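All values below come from the heavy atoms of this structure, side chains included, with hydrogens, waters and symmetry mates left out. Order of the sequence lines fixes the chain letters, A, B, ..., with proteins taken first and strands second; residue numbering starts at 1 for each chain. Only a predicted model underlies this, so the values are computations on that prediction, with no experimental measurement involved.
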Amino acid sequence: MSIRCFVAATLLMWAGGAGALDLVVVVSPASGVERLSRDEVINLYMGRARKLPGGTAARPIDLASGAGREKALFYQRLLSRDLAEVKAYWARLTFSGQASPPVQADNPDQVLDLVARNPGGVGYVDRTLVDARVRIVYSFGE
Amino acid sequence: MFVRRCLCMLISLFPALAVLAEDGAGEFEQPWRLGGFGTLGGAWSSVDTYEFRRDATQAPTGVSGGAGSASVDSRLGLQLNYRLSPEWEAVAQGLVRYRYDASWRPELSWGFLSYTPDAALSLRAGRLGLDIYPLSDSANVGYSYLTVRPPPDYYGGIPMQSFDGADISYTWPLGADVVRAKAYLGAARGKAPADPQGGVFVLDGSPIAGAYLEYLSERWTARLGYSRIEVAEELPFPEVFELLRHGGIPGGPALAEQLAVKDKRYGYWAAALGYQDGPLQTQFAGSVFSSDSYSLPDYYAGFAQIGYRLGAFTPYGYISAAHSPDAPPASGLPPWPVLAPLEDAVARMIESNMNDVRSYALGVRWDFAQNFALKAQVERIRGTHSLVLWVVPPGMPQPFQTTVLSATVDFAF
C-alpha cells in the first residue's frame, strides 16, 4: 500500500466509516436538471459556475463543519481534499472579494428542505434520506 | 482626493443601501456577512548587514543579527459583505499590518461595489486588491496558502497592494474546465520606505492597468498576465536630483534624467502554473519586471513550490530567485574626488533596488484545529542584492547569506 493510499484510507476511516454513507447530489425537480457530471458538481461547489445546466441560478448548499461526517466525505470523494484545504480555498476567494462560499445548512434535513424549496438549490445527502421532494442528479457510487 | 471622497461615499452608503436590499438573495442567505483573518507570527534572521522583510512596503523590521520580531508577518483583517440583490454586493475590508512608516495604522484594504449580471460577467469598482502576480491579492490571508508567507523574492518587490479603480472579469466554460479573463484600470495605492532618514517612495495616484488570462481545471491552473504602471511621483531624493540638474556637473542633467522615475513606465509580465492532485500540490511562477529608469533596474524572478499533505500536516519546500540581468550602469560623472559622496548616493539608489538573490525554504503547515493553522519554516537566503531585504545603514549592498526561522499561527473565520 502506497503512502497516498494509506493516507486516503485513514482519512476515510476518520471521516466515520465510509461504507456506511452513500452520498448523492440532489436538486429540486423544478430545476429541470436530470443529471450533473462530476465536473459540474466540482464547478458548482468551488464557486466556478453559478448556473445549473438549464440556466437557473445555482444555490449550492453545504453542511456546517460540525453537522456530521457527510461534509468531510463529500469533499474527499469529490476533490480528494480535506476540510482545511477547502476552507483555505474559500478564504482566498472570500477575502479577495471574488466569491462567497456555499450557504451552510445545520443538518441533512435542512439541506433537503432548502433544495426542495429552491429551484436552483443543490445539496448532498446520504441516499437513504432522499425522498420525492428532490431528484438525484449525481451519485458517487461505490 | 476624489477617489477618497468616492470611497467615503461608498462606505456611508452601506446603511442607506440596506433599505434598498431585496429579499431576492433567497430565504437561506443572510445579506450581511462578517468575516476575518489574521496571522500572529515571529521571524528571526542571522545576518547583520540586512533586515529581513516580506515585501518592499515594510519599514525596517529589526529582524537582523540574531534578533527576531513579530512585525514581519503579523496582521489582522476584518471584512463586511453586504448583498443588496442577487446581482449587487458591497464589500469593505480593513487591515492592520506593519507599514512603510513603522506604524500599525489600520487601512481600508478593499472597499468596492460589485455587479454580477449573469454567471459569467463580474464588474467591480472602488478600492481593489492588486493581483499583478497570481494570488497576490490574497497575500495578507496567511490561512489561504501553504507557506509562512508568499516567497519574497517573487512577491515582495511590488511596492503596492491595492488600487482605486475598476476591474472586469469574464468566465467561459471550456468543456469541464473554466477559462477566465480579467482586466483592470485605476490609480495605484502604495508607499515604500526609501532611505533610513524616513524618505518614502509614493506610488499613490500612479495610473495602473493590467490584464490576464487564466485556465482552471480540476487539477491544473495556468495564468499569463501583464500589468503596466506609470509612476506619478519622483523618488524622495530632491537634493541628489537638484545637485545633478543644477550643480554644473558635466553629465549631471543627463544622469538625473536617467535616474528619474516620475512619468516613466514599468511593466510586469507574470506567468504561473499550478498542479494539485489529492495530497500533492505544486506551483511554478515566473515574472519579468521591465523599467525605463536606472533607479528601478529590470529583474526576473521565479519560484517552484511543492507540498504533500499527510493528514493534518503538510510538509512543503520551495526555491525562489530574483536576478537583475544588467550590472549597475556607470554614472558618467567625472572622476572628481569631490563627487565621491554623490557617486555613492547614486550607487545606493540603484543598487538597493537590484536583485541577485536565491532562497531555499522548508516548512510544515499543521491544521491543528478548525480554522487554525500553525506553520514553521526555515529558509536559507544567499545573494549580493535584494530589493526586499533592507540594507542596514550605512552599508552598501554586499554579498550575504542568512538563515531565517519563522513560525506563525493563521486563522480565518
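- In this structure, chain A has a heavy atom under 4.5 Å from the backbone of B:Ser217, while its side chain stays farther away.
- Residue A:Phe95 touches chain B through both its backbone and its side chain, counting heavy-atom pairs closer than 4.5 Å.
- Contacts between B:Asp137 and chain A at a heavy-atom distance below 4.5 Å involve backbone atoms as well as side-chain atoms.
- With a 4.5 Å cut-off on non-hydrogen atoms, B:Glu218 touches chain A through its backbone and its side chain both.
- Residues A:Trp90 and B:Ser144 have side chains not in contact (no heavy-atom distance under 4.5 Å, counting atoms from C-beta outward).
- The minimum heavy-atom distance between B:Ser138 and A:Arg92, with the atom names listed, is OG-CG, 3.2 Å.
- With chain B as partner, the option from A:Gln110, A:Met46, A:Arg38 having the largest number of non-hydrogen pairs under 4.5 angstrom is A:Arg38.
- Comparing B:Asn371, B:Asp410, B:Asp367, B:Leu280 by how many heavy-atom pairs each has under 4.5 Å with chain A, the most go to B:Asn371.
- Distance check, rounded to the nearest 0.5 Å: CZ of B:Arg309 to CG of A:Asp82 gives 4.0 Å.
- Interface remark: A:Ser37 contributes no atoms to any contact with chain B (heavy atom separation under 4.5 Å).
- Across all their heavy atoms, B:Arg124 and A:Ser96 have their closest contact at NH1-O, 3.0 Å.
- If you take CD1 on A:Ile42 and CG on B:Leu216, they are separated by 12.5 Å, rounding to the nearest 0.5 Å.
- Looking only at distances, no side-chain donor or acceptor of B:Gln370 sits under 3.5 Å from a matching main-chain atom of A:Ser65.
- For the pair B:Thr116 and A:Arg50, the minimum side-chain heavy-atom distance is below 4.5 Å.
- At a 4.5 Å heavy-atom cutoff, the contact between B:Phe413 and chain A is made by backbone atoms alone.
- Closest non-hydrogen pair, B:Tyr143 versus A:Ala91, comes out as CD2-CB, 4.1 Å.
- No donor-acceptor pair under 3.5 Å is formed between the side chain of A:Arg81 and the backbone N or O of B:Pro279.
- No side-chain heavy atom of B:Arg180 sits less than 4.5 Å from a side-chain heavy atom of A:Arg48.
- A side-chain donor-acceptor contact under 3.5 Å links B:Arg33 and A:Ser100.
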